[in-house]
Amino acid sequence: MRRALVGLAAIVAFSAPSTASAFEKQWHLGGGLGAGVASAASGSLGPVGGLYAGYGLTDEFDLRLEFSAGLHDLTDGAPGSEEIGPSLAYTGAFGATYKLDVIEWIPYVGLLVGYAGFNGDAVPPGVAAESEQAVKGALDLSTIFGIDYALSRNTGLGAMLRYHAFMTDGLTDYPYMSFMLRAEYRWGW
C-alpha cells in the first residue's frame, strides 16, 4: 500500500504543470552591456551598450524595440591600412522574437529591421554620407539569439548574441556582431 501511495505521489508530482515564466500581454524593459566586433578586417572589438522594450503578444511571440551603441576603431577597408579613428555605431530596430518557455530558462530567436548610424572619423566601407561631417547610415537587418533566466515573475537576467547585416549600398552586407549580458523588469500580466 505504501508503494502504491509513493508511486501515486510521484505521478502527481511529475504530471503537475510547472510555473511558466514567459507570459502573454507582459511588458519588458531592460538594458545590457557587452562587446561588438566587425566581422571584416576593417573593425575592432569595442564596448557595446543597449536598451530594449518588449511586449508579449502570446506566450511564444514578443514584439521588441532595441537600441544599441558601440565604439570601434575602424579602418578605411584597404589592405594594410591603418586605423583612422574611432567611430560610434548605433542602431535602432523593431521586430519579433519567438520564445521557447522552459520554466525559468527562456531561449529565444528573433528578427529585427531598423537603422544603423555611424559617426566619427571612420565608417564601414560603402556607407554613404551627405557630407564629410554628416552621420552616415544604413539599413540594419538583425538576427538575435538569446536566453533569459527568470529570477522572479518581475525580473530576469540574460545573454544575447545579435548579428547585424548593415545594408550599405543597396544589397552589400557589412556584417557586425554584438554580445550583451542583460537585465530586465517585467510587468502587466
**Prompt:** For residues 175-185, which residue pairs qualify under salt bridge (charged side-chain N to carboxylate O under 4.0 Å, His left out), counting only residues two or more places apart or in two chains?
**Reply:** Glu66-Arg182, Glu184-Arg186
Who passes side-chain contact (heavy atoms from CB on, under 4.5 Å) against [X], sequence neighbours left out?
| X | value |
| --- | --- |
| Leu161 | Met177, Phe179 |
| Ala53 | Leu29 |
| Ala183 | Leu157 |
| Phe67 | Leu65 |

Please tabulate, for side-chain N and O atoms in residues 143-150, each donor-acceptor pair with protein atoms closer than 3.5 Å (sequence neighbours left out).
none

**Prompt:** Are Lys99 and Asp62 close enough for a salt bridge, meaning some N to O gap below 4.0 Å?
**Reply:**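 Answer for the salt bridge query: yes.
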Enter the distance from [X]:[atom1] to [Y]:[atom2] here, rounded to the nearest 0.5 Å.
| X | Y | atom1 | atom2 | value |
| --- | --- | --- | --- | --- |
| Tyr185 | Ser152 | OH | OG | 8.5 Å |
| Asp59 | Ile106 | CG | CD1 | 10.0 Å |
| Ser68 | Tyr176 | OG | OH | 7.0 Å |
| Thr97 | Glu60 | OG1 | CD | 11.0 Å |

Side-chain touch [X]/[Y], heavy atoms, less than 4.5 angstrom:
| X | Y | value |
| --- | --- | --- |
| His164 | Ser178 | yes |
| Arg64 | Tyr108 | yes |
| Leu112 | Phe94 | no |

**Asked** Other than Leu33, which residues form its hydrophobic cluster under the rule that side-chain heavy atoms must be closer than 4.5 Å?
**Response**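 In the cluster with Leu33 there is nothing else; it is isolated.
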**Prompt:** Rest of the hydrophobic cluster containing Leu111 (Ile/Leu/Val/Met/Phe/Trp/Tyr, side-chain heavy atoms under 4.5 Å)?
**Reply:** none
**Residues which pass salt bridge (charged side-chain N to carboxylate O under 4.0 Å, His left out) with Asp140, listed by chain and number, not counting sequence neighbours** =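 Expected list: Arg162.
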For the student: nearest non-hydrogen atoms of [X] and [Y], plus distance:
| X | Y | answer |
| --- | --- | --- |
| Gly36 | Val48 | N-CG2, 3.3 Å |
| Leu45 | Ala35 | CD1-CB, 3.8 Å |
| Leu57 | Leu63 | CD1-CG, 3.7 Å |

**Item:** Any residue meeting ring-ring contact (aromatic ring centres under 6.0 Å, His included) with Tyr55, in chain and number order, not counting sequence neighbours
**Value:**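 Result, ring-ring contact (aromatic ring centres under 6.0 Å, His included) vs Tyr55: Trp27.
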**Asked** Quick one: ring-ring contact (aromatic ring centres under 6.0 Å, His included) partners of Tyr98, sequence neighbours excluded?
**Response**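 Per chain and number, Tyr98 pairs via ring-ring contact (aromatic ring centres under 6.0 Å, His included) with Phe61.
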**Asked** What about Tyr52 and Val113, same hydrophobic cluster or not, with Ile/Leu/Val/Met/Phe/Trp/Tyr joined at side-chain heavy-atom distances under 4.5 Å?
**Response** no
